[in-house]
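Residues take their numbers from the sequence shown, with the count starting at 1.
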Amino acid sequence: MSQNHGLWEEYILSTGNKIAFFRKFKKIALKTLAAKTKIPLKTLEMMENSSLELITPEISKLAAYFKVEPELLLSASSVIEIDKLRKLDFIFRQFIQMQDAKALQSQITNWIILSITDERQHWQKSRKESVEVLCKINRSQEAQKRAQSRDKKFAPFREYFKKIQRQRFNKYMKLGKKLTANGFVLWFLKTKAAKISIPYRQSNWESKLNQLAQANNREFKKAFE
């Protein structure tokens, strides 16, 4: 065993060692395993000497053959946080020095309990954050739907308003005069308001119509530039 690498690197992080461990546990040669799983021999050789972090079809086939979860064949760094791996490495190092199997079992059990507790808290936090994000997205989508509904409702009036303003604008242009947005709105409210339903709150009529008229005027002026 290499003295330059910790036990957690030798036994936990190496996906190749994990696949080899299960293969040797089954007492099956690499060539036979390739035939049983229908995975090319060269691919298996590469997997036994690589650090794999994603579940691939090949890993799923191996997991099914070994009757284990696919995650057990992945690099531990993709499943367990590095600080937890170092704690486990420390436990194994203590066992090498003390050779106390009962103490090792107790410490590993405690390590598992702490790890699971941390993961549960992390999951609960992630779930809460995910729910909040989904609620925010839902509120945003609902707001967009309401805005689209309002836009659809107001569209006929905006078109009518724009048509009348264009007629007045062209008339003023022929006379060499300038039609201001505010001037048109005041004229519209005086001559047209009683004849058409304006889809805005009456207290906001002048400000809303001014916004429309200003946007229309900019468009009309561009046509003459």
*Asks:* Between CD of Glu45 and CD1 of Ile39, what distance do you get to the nearest 0.5 Å?
*Replies:* 12.5 Å

*Asks:* Quick check: closest heavy atoms across Lys38 and Lys61, and the distance to 0.1 Å?
*Replies:* O-NZ, 4.1 Å

*Asks:* Atom CE of Met46 and atom CG of Leu41: how far apart are they, to the nearest 0.5 Å?
*Replies:* 12.0 Å

*Asks:* Compare all side-chain heavy atoms of Trp205 with those of Phe188 and state whether any distance is below 4.5 angstrom.
*Replies:* no

*Asks:* So do Phe220 and Gln165 actually touch side chain to side chain, heavy atoms under 4.5 Å?
*Replies:* yes

*Asks:* Quick one: NZ on Lys36 to NZ on Lys31, what's the gap to the nearest 0.5 Å?
*Replies:* 14.5 Å

*Asks:* Can you check side chain to side chain contact (heavy atoms under 4.5 Å, CB included) on Phe161 and Lys192, steps first, answer last?
*Replies:* CA-CA 10 Å; Phe161 184 80; Lys192 303 290 184 180; over 6 Å; no

*Asks:* With a 4.5 Å cut-off on side-chain heavy atoms, are Glu219 and Arg166 touching?
*Replies:* yes

*Asks:* Can any side-chain N or O of Asn217 pair as donor or acceptor with the backbone N or O of Leu179 at less than 3.5 Å?
*Replies:* yes

*Asks:* So, does Thr191 use its side chain to make a donor-acceptor pair with the main chain of Trp187 at under 3.5 Å?
*Replies:* yes

*Asks:* So do Ile198 and Leu189 actually touch side chain to side chain, heavy atoms under 4.5 Å?
*Replies:* yes

*Asks:* Looking at every heavy atom in both Leu62 and Leu33, which two are closest together, and how far apart are they?
*Replies:* CD2-CD2, 3.8 Å

*Asks:* When you measure from the side chain of Asn216 to the backbone N and O of Leu212, does any donor-acceptor pair fall under 3.5 Å?
*Replies:* yes

*Asks:* State yes or no: are the ring centers of Tyr172 and Phe184 separated by less than 6.0 Å?
*Replies:* no

*Asks:* Test side chain to side chain donor-acceptor pair (under 3.5 Å) on Gln214 and Asn182; report intermediate values, then the result.
*Replies:* CA-CA 8 Å; Gln214 288 170 4; Asn182 187 60; over 6 Å; no

*Asks:* So how far is it from Leu175 CG to Asn170 CG, rounded to the nearest 0.5 Å?
*Replies:* 11.0 Å

*Asks:* Kindly compute the distance separating OH (Tyr200) from CD (Glu206), expressed to the nearest 0.5 Å.
*Replies:* 14.5 Å

*Asks:* Just checking Lys26: does its NZ atom have more than 12 heavy atoms from other residues, nucleotides or ligands closer to it than 6.0 angstrom?
*Replies:* yes

*Asks:* Determine yes or no for a side-chain-to-main-chain donor-acceptor pair under 3.5 angstrom, with Glu58 supplying the side chain and Leu44 the backbone.
*Replies:* no

*Asks:* With rounding to the nearest 0.5 Å, note down the distance linking CZ in Arg23 to OH in Tyr65.
*Replies:* 11.0 Å

*Asks:* How far apart are the closest heavy atoms of Phe157 and Pro199, and which atoms are they?
*Replies:* CG-CD, 3.4 Å

*Asks:* Can you confirm whether Phe66 sits close enough to Thr37 that some side-chain heavy atom of one is under 4.5 Å from a side-chain heavy atom of the other?
*Replies:* no

*Asks:* More than 12 foreign heavy atoms under 6.0 Å from NZ of Lys208: is that the case here?
*Replies:* no

